[in-house]
Amino acid sequence: EKEDTVSITVVGASGDLAKKKIFPALFALYYEDCLPKHFTVFGYARSKMTDAELRVMISRTLTCRIDKSENCGEKMEQFLGRCFYHSGQYDSDEGFAELDTKLKVHEVGRVSNRLFYLSIPPNIFIDAVRCASTSASSANGWTRVIVEKPFGRDSESSAALTRDLKQYLVEDQIFRIDHYLGKELVENLSVLRFSNLIFEPLWSRQYIRNVQFIFSENFGTEGRGGYFDNYGIIRDIMQNHLLQILALFAMETPVSLDAEDIRNEKVKVLRSMKPLQLDDVVVGQYKGHTEGGVTYPAYTDDKTVPKGSLTPTFAAAALFINNARWDGVPFLMKAGKALGSKRAEIRVQFRHVPGNLFKTKLGPDHDRSTNELVIRVQPDEAIYLKINNKVPGLSMRLDRSNLNLHYAARYSKEIPDAYERLLLDAIGGERRLFIRSDELDAAWALFTPLLKELEEKKVEPELYLYGSEGPVKAHHLAYRYKVQWGDSD
Ligand code: BG6
């Protein structure tokens, strides 16, 4: 559905996420002519600012990503002309009532569909939802609220948050973002699986040895330590981004592409997994060092991190799905900050060819020569399949080569940012890429006992060097299941 009118209010307009992601995504949507004809964007935050000042602030982070021509500058002006600001407290009914008055001026004579993007810290979430829903919700159209993690810290706090949200909103109005679901290659997962004959028949324990979900960043917390220390890498990346990708990867074929059908299948996968035990996990934390005159800080050097913090900045985990399709197949996850490279990928390692005629030709590294499908979510998006191939020539020598779908070479159009897709879907009422509350509960149920145990037992993370490949124990974890982590090639 393409709505005719929408007012988008970014609550927490001067925050980092708003500046770096939300406003630029809205501009990109405007540029691509994807926004409803009558749209207005409101920034709402505590600081005093005029509309003109907001526009200057936003314009600093808008880019002509799609089209570098002069036309882009003109479009930018038009877009900025639709951006306004209202200053108010996040827990102020009065502030939101004033916003309501301003919104009405723009909506006069039309349906007032309203989208609120809460880009604010979790401790003020509920206050803002209360005020927005009681003082600024739409009188004659829909009101939707986008919320972003953290959705609590464990099962109990997440359930409490859901309960609180539902005092003011019904589930259909809540759009819980996991921005990894908006990434192009994650969106493509279902197409790859369900629209190609050659993958789905192999998508099971019969042919797949293990699946790996790898997230690595080559920078540390850098000033975000205050937030991060409260959560750690398991809550920051694994429980949401990696688990969501896993669920999409492993789910059964949904009845249709409808949001409810897809989310039903995802929940089933999550509920078929058993909660993680301490033994299934390795945790690490980066330490500083100096190399070639450059000093790399330790996590605990971050001024906003308490001294002696045991918060993991790295974790590796082995998960299992207890159903007919996946019984016994290790699903390995690895996520870390301050590692050697920045990448996010899914690696599917297939079984050996039974009775392989060419086994002796594969050389001593025979165990590593099974087929491997790699879905590189970022950077440099690609899908490639490692196959054994005869090296051209008169001798029978094999090597491993890639059948490679490299996005930059294949598609000339730039890949949209995840937030563009998600905002567009929220405006259109498409809920497929948003997390339903039962999915969230199931995701927390998997990680909560482990998180509690880590904290209660004060498990010390293995220290690893900033810029390295992370704790050695991550390899031990993989070896336990006769698995090797895929190389980043
Ligand atoms: C966020 C995490 O959800 O995702 C950050 O809180 C992380 O710690 C970020 O850096 C990574 O997102 P992307 O899109 O840059 O890979």
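Position 1 is the first residue of the sequence; numbering continues from there. Order of appearance sets the numbers: ligands from 1, and atoms from 1 within every ligand.
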Indicate every side-chain donor-acceptor pair of residues 12-20 with a distance under 3.5 Å to a residue at least two apart or in another chain.
unit_1 : atom_1 : unit_2 : atom_2 : d
D16    : OD2    : K20    : NZ     : 3.0
K19    : NZ     : S14    : O      : 3.4

- Using a strict cut-off of less than 4.0 Å between a Lys/Arg side-chain nitrogen and an Asp/Glu carboxylate oxygen, indicate whether K21 and D417 qualify as a salt bridge.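 Looking at K21 and D417, the cut-off is met.
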
- Item | Face-on cation placement of K413 at Y411 ring, 6.0 Å and 45° thresholds |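 Verdict for Y411: no cation-pi partner in K413.
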
Using a cut-off of under 3.5 Å, which N/O atoms of ligand 1 pair up with protein N/O atoms, and what distance separates each pair?
unit_1   : atom_1 : unit_2 : atom_2 : d
ligand 1 : 3 (O)  : K149   : NZ     : 2.5
ligand 1 : 3 (O)  : H241   : NE2    : 2.7
ligand 1 : 6 (O)  : K149   : NZ     : 2.9
ligand 1 : 6 (O)  : R224   : NH2    : 3.0
ligand 1 : 6 (O)  : D236   : OD1    : 2.6
ligand 1 : 6 (O)  : D236   : OD2    : 3.4
ligand 1 : 8 (O)  : R224   : NH1    : 2.9
ligand 1 : 8 (O)  : D236   : OD2    : 2.6
ligand 1 : 8 (O)  : K337   : NZ     : 2.8
ligand 1 : 10 (O) : E217   : OE1    : 3.3
ligand 1 : 10 (O) : E217   : OE2    : 2.6
ligand 1 : 10 (O) : K337   : NZ     : 3.3
ligand 1 : 12 (O) : H179   : NE2    : 3.1
ligand 1 : 14 (O) : H179   : NE2    : 2.8
ligand 1 : 14 (O) : K183   : NZ     : 2.6
ligand 1 : 16 (O) : Y180   : OH     : 2.4
ligand 1 : 16 (O) : Q378   : NE2    : 2.7

- Query: So, Y30 versus F39, ring centres under 6.0 angstrom or not?
  - Reply: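 Centroid distance Y30-F39: below 6.0 Å, so yes.
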
- Task: Check ring-ring contact (aromatic ring centres under 6.0 Å, His included) between F447 and all other residues, then give those that pass, not counting sequence neighbours.
- Result: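 By the ring-ring contact (aromatic ring centres under 6.0 Å, His included) rule, F447 matches no residue at all.
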
Below 3.5 Å, can you tabulate the donor-acceptor pairs from side chains in residues 118-130 to any protein atom, sequence neighbours excluded?
unit_1 : atom_1 : unit_2 : atom_2 : d
D127   : OD1    : R130   : NH2    : 3.2

